[in-house]
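Below is one structure, written out as C-alpha cells; the observations come after it.
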Amino acid sequence: MRKVFHVSGRKKTSQVELIDDNSVVVDNERHSYSFERLADGTFMFFLDGRGFSIVDLRSMGMNEGEIGESGEILLVDGHEFSLTVDDEQSLLLKSLLQSQAPSSASVTIRAPMPGLVTKIEVSVGQQVNTGDGLLILEAMKMENEVRCPEKGTVKEIHVGPQTPVEKGSPLITIEH
Amino acid sequence: MRKVFHVSGRKKTSQVELIDDNSVVVDNERHSYSFERLADGTFMFFLDGRGFSIVDLRSMGMNEGEIGESGEILLVDGHEFSLTVDDEQSLLLKSLLQSQAPSSASVTIRAPMPGLVTKIEVSVGQQVNTGDGLLILEAMKMENEVRCPEKGTVKEIHVGPQTPVEKGSPLITIEH
Amino acid sequence: MTTKRQIKRLLIVNRGEIAIRVIRACKEMGITSVALFSEPDRTSLHVQAADEAYPLDGVSAKESYLNQEKILRIAEQAQVDALHPGYGFLSENGSFVERVEQAGFLFVGPSSRAIRAMGDKTSARRIAKSLGIPIVEGTIEPLNSEREGVEIASKIGFPVLIKAAAGGGGKGMRVVQSVEEFSSSFRMAQSEARNAFDDDRVYVEKYVQNPRHVEIQILGDHYGHVIHLGERECSIQRRHQKVIEESPSPIVDDKLRRAMGEAAVMAAKEAGYSNAGTIEFLVDANRNFYFLEMNTRLQVEHPVTEWVTGIDLVKAQLQIAMGEPLPWKQEDIRFTGHALESRIYAEDPRNNFFPSTGTLHIYTTPEGPRVRVDNGFRKGDLISIHYDPLLAKVVTFGSSRHEAIETMKRALSEFIVGGVRTTIPFCEFVLSHEEFRAGSFDTHFVSRTFSASELDRAEQGLLLPAIVASVLLKTSQGSILPQLNHVEKGSHSLWKKRREETYRPS
Amino acid sequence: MTTKRQIKRLLIVNRGEIAIRVIRACKEMGITSVALFSEPDRTSLHVQAADEAYPLDGVSAKESYLNQEKILRIAEQAQVDALHPGYGFLSENGSFVERVEQAGFLFVGPSSRAIRAMGDKTSARRIAKSLGIPIVEGTIEPLNSEREGVEIASKIGFPVLIKAAAGGGGKGMRVVQSVEEFSSSFRMAQSEARNAFDDDRVYVEKYVQNPRHVEIQILGDHYGHVIHLGERECSIQRRHQKVIEESPSPIVDDKLRRAMGEAAVMAAKEAGYSNAGTIEFLVDANRNFYFLEMNTRLQVEHPVTEWVTGIDLVKAQLQIAMGEPLPWKQEDIRFTGHALESRIYAEDPRNNFFPSTGTLHIYTTPEGPRVRVDNGFRKGDLISIHYDPLLAKVVTFGSSRHEAIETMKRALSEFIVGGVRTTIPFCEFVLSHEEFRAGSFDTHFVSRTFSASELDRAEQGLLLPAIVASVLLKTSQGSILPQLNHVEKGSHSLWKKRREETYRPS
C-alpha cells in the first residue's frame with residue numbers, strides 16, 4: 001500500500017510519499033533521510049545529508065486552536081512550522097464535509113494570548129476595514145490593540161469589557 | 001510516632017527527627033526547612049532560610065555498589081554526597097546481622113570505572129602495603145594503576161588479565 | 001556627602017534575568033543575595049540562584065514586586081544592608097527610594113532627590129534646557145488635560161509622541177498621527193503609565209522623523225565625580241521598545257561621542273546624580289543630537305557597554321552605593337571591539353509582537369566563543385501574562401562589527417525555544433538585513449522593512465525538511481510506521497539499516 | 001609558496017567540544033561543516049551541530065576517529081576542501097597529514113614536513129638546541145631499548161621523565177623516581193603512546209624540580225610571517241595533564257614575554273612552521289626558561305589567548321589554510337585583562353582522578369557575564385570509556401586576575417553535573433587556595449596541596465543540608481511521608497502551609 005500524504009502550510013500544498021525507512025518522494029522528487037529520536041524527546045533529522053534538529057511541539061502539549069486534528073506543530077532548527085498533514089482518506093472526508101458546509105465566509109478573531117479585555121471598540125453590524133482597532137487586550141503590563149485582519153461587518157462579539165480570556169478564545173467574528 | 005533517622009557519611013553519624021512539614025531536629029538542634037520539587041525532577045531546598053539545589057541521583061538510576069539499600073546519593077549545590085539513612089528498625093536489623101557475621105576483616109577493591117584489566121601485579125597470599133600497585137586498568141586511553149588502600153594480604157583475585165570489568169566489579173580482596 | 005558602608009546582605013527587588021544578573025555580581029563580591037518572589041515565581045530560577053528567598057503575596061506585579069510595604073518589611077526582617085531594584089518595577093520610583101532611605105537602607109541607585117530631578121521626564125527636560133543641551137520640541141510640564149494636549153500637539157504639529165513622565169521601556173508611550181487619534185492614545189498612555197509606574201502623568205513632544213536612538217552610559221560616585229562609558233545604539237525597536245542594541249554606534253565618531261558624553265556628564269552633575277544612569281538622545285540624519293530623557297537605573301542593555309569597556313556595571317553600582325569613589329578617570333575608559341545585544345522576548349513576531357505565553361517545553365541557550373547569555377528561565381518554566389515577556393539577552397562580541405554580527409547569528413541559531421514564540425527569528429531577520437549590516441538605519445527600520453512574510457521568506461529553506469518531518473511525526477502518532485521514528489537511544493536497528501549513501505548531500 | 005584557495009566545505013576529524021568549536025567558526029564564516037561520528041556518537045552534540053555528518057565504523061578510537069583510510073574516503077565522498085583535526089587523534093600525525101596533502105585536500109594545520117620537524121619531540125629538541133634555545137637535559141634521539149634508557153637516566157640522575165616522541169596531553173608520559181621503577185614505567189609509557197599516537201617511541205629527560213609550565217601561542221602564515229600571541233600559564237596539572245590555565249601568567253613580565261616569544265617565533269620559522277602552534281617551556285624559580293616541546297596543533301586551552309588578544313584562533317587557522325597572509329604584525333597584538341580556563345573532566349578527584357563514566361542525568365552549564373563555555377555534551381548523554389573524558393571548558397575573563405578568579409568560582413558554582421563525577425570540586429579547591437590566588441605555584445601544586453579530605457573540608461557547609469535532604473528523599477521513597485516531598489509544580493499546598501518565618505535565616 002502506498003503511503004501518500006498531503007502537507008499544507010505557508011501557502012503551499014505538497015504531496016509526500018514514504019518509500020522506505022530512508023527515502024521519500026516530495027512532489028515527484030526523491031530525497032534520502034534518517035530520523036533519530038534523542039533522549040530529550042527531540043529528533044535529529046538528516047535530509048539529503050543535511051542535518052536538522054526537529055522538535056515535535058504537538059506531542060509536548062502545544063496546540064493552537066486553529067490547527068485541528070490533522071495539524072502538526074514542529075520546530076525545525078528552532079523555527080516553528082504549523083502544517084496540516086492529511087492522508088488520502090482524511091482528505092476525502094474533508095472535501096465531503098466542506099461541500100456540505102454553508103458557503104458564507106466569516107472569520108473569527110481569537111485571542112493571541114491570555115489577557116483581560118479592557119475595552120471593545122466596535123459594535124455588532126458595524127462596517128470595519130483592515131487595520132481598524134477592534135478591542136484592547138491587556139497582558140504583560142501592555143495594552144495591546146487587536147486590529148481587524150480583513151474588511152467586513154462585525155457579526156458577533158464573543159466577549160465583554162473586563163472579560164478575562166484564554167489564548168485562542170474567540171473574540172470577534174467578522175463576516176465578508 | 002516519632003520519625004527518627006540515623007544518617008552516616010563523611011566520618012560522622014547524625015540523628016535526624018522529622019517534626020513536621022517545615023521543621024526538623026538534627027543532633028538536638030532544631031532547623032526550619034522547605035522542600036520543593038521542580039519540573040526537571042530536582043528539588044529546591046531551603047534550610048534555615050538558605051537555599052540549596054538538591055538532585056536525587058539514586059532515583060535517577062545512579063547507585064554505587066557499596067551504598068546498598070539504605071544509601072542515598074545526592075547532589076547538594078552540585079556536590080555529591082553518599083549517605084546511609086537508617087530508621088530505628090533498620091538499624092536494629094543491621095546490628096543483629098552484624099553480630100552474627102564472622103568477624104574477619106576484609107576489604108574488596110572494586111573497579112572505579114569500566115575498563116579492561118591489562119595486568120595483575122600481585123598474587124594470592126602476597127603481603128601488600130598501602131599504595132602498592134595491584135593491577136592495571138585501561139580506560140579512556142589511559143592506563144590506570146589501581147593501588148592498595150590498606151595493608152594486608154591478598155585473599156582473592158576476582159579477575160584475570162584481559163578481563164573487561166564494569167564499574168563496581170570486585171577486583172581484589174585484601175584480608176587484614 | 002556619604003561615608004563608606006559595607007553591603008554584606010543585598011535584597012534584590014526584581015525577578016527574571018536581571019535578578020540573576022545582580023545575584024551573580026553578589027556571588028563574585030562575597031555578598032549574600034536575598035531574593036523575593038511572587039506566588040507563581042516560587043520555583044523560578046532567580047529564587048534558586050539566590051542565597052536566600054522571601055515570599056511576596058499575590059500574583060500580579062502590583063500585589064508582589066510593586067508592593068512597597070511588604071518589600072520594606074522583608075528588608076527589615078532579612079536584615080539586609082541595601083536594596084537593588086534592577087530595572088522596571090520600583091527602580092525609578094522616587095517615593096519608594098525615599099522610603100528605603102528613611103528606613104536606613106542603602107539604595108543601589110541614585111538618591112530619591114536625583115530620581116525626582118532626572119527620572120521625571122518633564123523635570124529632566126527642564127534641566128537639560130537650562131544647561132543649553134538641545135531638547136526635542138514639546139511640553140516641559142505634564143499635561144493637565146486631554147484638551148491641553150490636543151492644543152499643544154496641534155501647535156507643534158502632528159505626528160507627536162505622548163510619553164509617561166515617569167516612563168521608560170516604551171511603556172505609556174504612544175505615537176499620535178492626527179487630532180482624531182489623540183483622545184484614545186492619550187487615555188491608553190495614561191492607563192499604561194498608571195499600571196506600570198503607578199503615576200499617570202504624561203507629556204507631549206514632537207515626533208522626530210527618522211531619528212536614531214543613541215544613549216550614553218554614565219557612572220557617578222557620591223563625591224561628585226561623573227564619567228561616561230560611551231554610547232549604545234538602540235534604534236532597532238518594535239513598538240517603541242528596543243530589541244537589538246550595540247556599542248559603539250555605527251554613526252558615532254570620536255567627536256560626537258565626546259560631545260554627547262560631555263552633555264550627559266554635565267546633566268548628571270547638575271542633578272547631583274550618583275550611581276549608574278543613562279541619558280537617551282535622538283540623533284538626526286545630520287548628526288545633531290537632542291536630549292530625550294534620563295533612565296535613573298541600570299538599563300536592560302548594559303552588557304554591551306560592559307563588554308567594550310571591561311567594566312562590570314553592577315559591581316560598580318554596588319561599590320558606589322557602599323561609598324567607594326569611582327576608581328576610573330574619564331581618560332582611563334578605553335573601548336575595545338564591538339558588542340551586540342539581542343533581546344529574546346516571549347512575543348510573536350508574526351502577530352504584531354503580541355506577548356506569547358505557555359510552557360518552555362524546549363529551552364536551549366547558546367554557548368561558545370564571544371557569547372554571553374543573561375537568562376532568567378529554564379526548561380519547564382511557565383511564561384505567564386503577569387510580568388514582562390523578556391526571557392533572556394544574548395550578547396556577542398567581535399573584533400569588528402561584522403564579527404559581532406556573525407557571532408550573534410551563530411548564537412541565535414543555537415537558541416532553541418519551544419512552547420512560546422520569541423523574537424529570535426525577528427532578530428535573525430534584522431541581522432541579515434543589508435541596511436542593518438551597513439549600519440544605516442533609524443528607529444523606523446522595523447516598521448519600514450519587517451513583515452511576517454519576511455520570516456516566511458527567510459525560513460524557505462526549512463520548509464522541505466518541515467514537510468517531511470511533519471509526515472514522519474504524523475505517521476509515528478498514527479502508528480502507521482511506528483518502528484520508523486521512535487528509535488530509542490541505545491538501539492542500533494535503524495542505524496545499522498541505513499546505508500552510508502544516505503548521508504551524501506544532494 | 002601556496003596560492004589562495006577557498007574552503008567552502010570542511011571535514012572535522014574530531015568529536016566533543018573541539019569539534020563543536022570548529023563548527024561554530026565554520027558557521028560564522030559561512031563554511032559548510034561536515035562531521036564524522038563513531039557508532040556510540042551517532043546522536044552526539046557535535047553531529048547535531050554540524051551541517052552534515054558521516055558515519056565511521058566501530059566504537060574504539062582506533063576503529064573510528066583514527067581510521068585514516070575511512071576518513072580519507074569520506075573526505076572524497078563529501079567533496080570537502082579541507083580537514084580540521086582539532087587536537088588529539090590524528091592532529092599531530094605526520095603521515096596522516098601527508099596523505100591528506102597527497103589527496104589534494106587542505107590541512108588546517110602545519111605541513112607534514114613541519115609536523116615531522118616540530119611534532120616529533122626529539123627532533124624539536126634538536127632544532128631548539130641548534131638555535132641556542134635552552135633545553136632540558138636528556139636524550140635527543142628516541143630510546144632504542146629499555147637498557148639504554150636506564151643508562152641515560154642513571155647518568156643524568158633520577159627523577160627523570162619518560163615521554164612519548166609523538167606525545168602530547170600527558171599521554172605516554174611517566175615520572176620515574178628510581179632505577180627500580182624504570183622498567184614498568186617504560187613499558188606503560190610505550191603502551192600508552194602506541195594506543196594514543198600509534199607510535200611507541202619514547203625518550204628520557206631530566207625531571208626539573210618545581211618548574212612552572214608556560215607556553216607561547218604562535219601563528220604563522222604560508223609566507224614565512226610568524227607572530228606570537230603571548231603566554232599561557234599551565235602549571236596547575238594533575239597526572240601531568242593541565243586542568244587550569246590562564247593568560248597572562250602571574251610570573252611573566254613584559255621582558256620575559258618578549259624573550260620567550262622571540263624564541264618561539266625563531267623555532268617556528270626555522271621549522272618552516274605555518275598555522276597555529278604552541279611552544280611549551282619550563283620556567284624555573286629564577287625565571288630561566290627551557291624549551292620543552294612544540295604542539296603542532298590547536299591547544300585545548302586556546303580560548304584564554306583568544307579572550308586576552310581578541311583573536312579567534314580557529315578562524316585564523318582557517319584563513320591561514322586558505323592561503324591568506326596574517327593580517328597582524330607583532331606590534332598589533334595587544335593584551336587586555338585576564339582569562340582563566342577550567343577543564344571539566346569526567347574524573348573522580350576523590351579517587352586519584354580516575355575516569356568516571358555514566359549517564360549525564362543532570363547537566364547544567366554556567367552563563368552570564370565574562371563566562372564562555374565550550375561544551376561537548378548535553379543532559380542524557382552517555383560518557384563511555386572509549387574517548388577522552390573532557391566534558392567542557394569553562395573560560396572566564398576579568399579586568400584583573402582577581403576578577404577572573406571570582407568569576408570562575410561563580411561560574412563553577414552554576415555548573416551542575418549529576419551521573420558522573422567531575423573535576424569541578426577540584427577546580428573550586430584550586431581557585432580558593434591561597435598559593436594559587438597569590439600566583440605562586442608550580443607544577444607540583446596539586447600533588448603538594450590536594451587530597452580528597454580537602455574536598456570534604458570545603459564541602460563541610462553542605463553536610464547539614466545533605467543530611468536533612470537525604471532523610472527527606474528517603475522518606476519520600478519509602479512513602480513514610482510522601483505528601484511532604486513530592487509537591488508537584490502547580491500545587492500550592494506546601495507553599496500555603498509554610499510560614500514566612502521559615503525563611504528567616506538562622
Side-chain angles (χ1 to χ4, degrees), chain B residues 3 5 7 9-12 14 16 18 21-22 24 26 31-40 42-43 45-50 52-62 70 72 74-81 83 85 112-115 118 136 138-144 147 167, chain D residues 61 171 188 191-192 195-196 239 348 351-352 354-359 361-362 384-389 413 415-419 421 424-425 456 459 462-475 477 480-481 484-489 494-495 497-499 501-506:
Chain B
K3 296 287 169 206
F5 301 87
V7 183
R10 302 269 168 115
K11 296 167 193 156
K12 193 186 157 182
S14 294
V16 179
L18 293 179
D21 280 6
N22 55 36
V24 63
V26 182
H31 303 274
S32 64
Y33 75 88
S34 75
F35 203 52
E36 193 90 28
R37 192 194 179 94
L38 304 181
D40 64 356
T42 68
F43 296 85
F45 180 44
F46 281 86
L47 187 66
D48 300 326
R50 300 288 298 192
F52 301 93
S53 94
I54 303 288
V55 178
D56 180 4
L57 285 175
R58 195 185 180 184
S59 76
M60 293 176 172
M62 194 182 175
S70 52
E72 289 293 332
L74 63 163
L75 293 184
V76 181
D77 284 354
H79 293 259
E80 192 178 313
F81 286 82
L83 301 171
V85 183
M113 61 194 155
T118 54
I136 307 288
E138 191 184 305
M140 280 165 162
K141 299 195 289 172
M142 298 289 288
E143 301 202 336
N144 304 282
R147 289 164 191 269
K167 190 173 175 176
Chain D
K171 274 147 199 153
M188 272 163 73
S191 146
E192 259 183 44
N195 277 343
R239 305 200 301 197
D348 187 354
N351 188 9
N352 212 20
F354 267 16
S356 175
T357 57
T359 300
H361 296 301
I362 293 284
S384 74
I385 55 162
H386 305 301
Y387 315 107
D388 191 88
S413 78
F415 203 147
I416 310 288
V417 181
R421 292 178 183 135
I424 294 170
D456 286 359
E459 291 169 356
L462 299 176
L463 186 54
L464 180 65
I467 288 168
V468 177
S470 71
V471 171
L472 295 170
L473 294 174
K474 183 75 177 180
T475 54
Q477 286 161 9
I480 301 178
L481 290 168
L484 192 69
N485 310 295
H486 291 280
V487 179
E488 291 303 324
K489 230 189 148 182
L494 176 60
W495 199 250
K497 266 191 276 175
R498 185 162 51 226
R499 300 283 303 270
E501 283 71 8
T502 312
Y503 284 91
R504 190 181 303 154
S506 60

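Source: prediction; values computed, not measured. Per chain, numbering begins at 1; letters A, B, ... match sequence-line order.
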Contact origin within [X] toward chain D - heavy atom pairs under 4.5 Å:
X	value
V85(B)	both
T42(B)	side chain
V7(B)	side chain

Contact check, side chains of I54(B) and L473(D), non-hydrogen atoms, under 4.5 Å: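 Contact flag for I54(B)/L473(D) side chains = yes.
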Given a strict heavy-atom distance threshold of 4.5 Å, which part of L464(D) is in contact with chain B: side chain, backbone, both, or neither?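 Both the backbone and the side chain of L464(D) come within 4.5 Å of chain B.
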Would you mind checking which part of I362(D) comes under 4.5 Å of any heavy atom in chain B, side chain (CB onward), backbone (N, CA, C, O), both or neither?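 Contact with chain B is through the side chain of I362(D) alone.
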Measuring from L75(B):CG to F52(B):CZ, what's the distance to the nearest 0.5 Å?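 Rounded to the nearest 0.5 Å, the CG-CZ separation comes out at 14.0 Å.
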Give, for atom NZ of K3(B) and atom OG1 of T475(D), the distance between the pair rounded to the nearest 0.5 Å.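 Answer rounded to 0.5 Å: 9.0 Å.
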Please identify, among V468(D), N351(D), V417(D), the residue contributing the most non-hydrogen atom pairs under 4.5 Å to chain B.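 Between V468(D), N351(D), V417(D), the count favours V468(D).
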Using only atom types and a distance under 3.5 Å, with no angle test, would you say the side chain of D56(B) pairs donor to acceptor with the backbone of L74(B)?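 Side chain of D56(B) to backbone of L74(B), a donor-acceptor pair under 3.5 Å: no, none is there.
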Check whether N22(B) reaches the backbone of Y33(B) with its side chain - one donor and one acceptor, N or O, closer than 3.5 Å.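 Side chain of N22(B) to backbone of Y33(B), a donor-acceptor pair under 3.5 Å: no, none is there.
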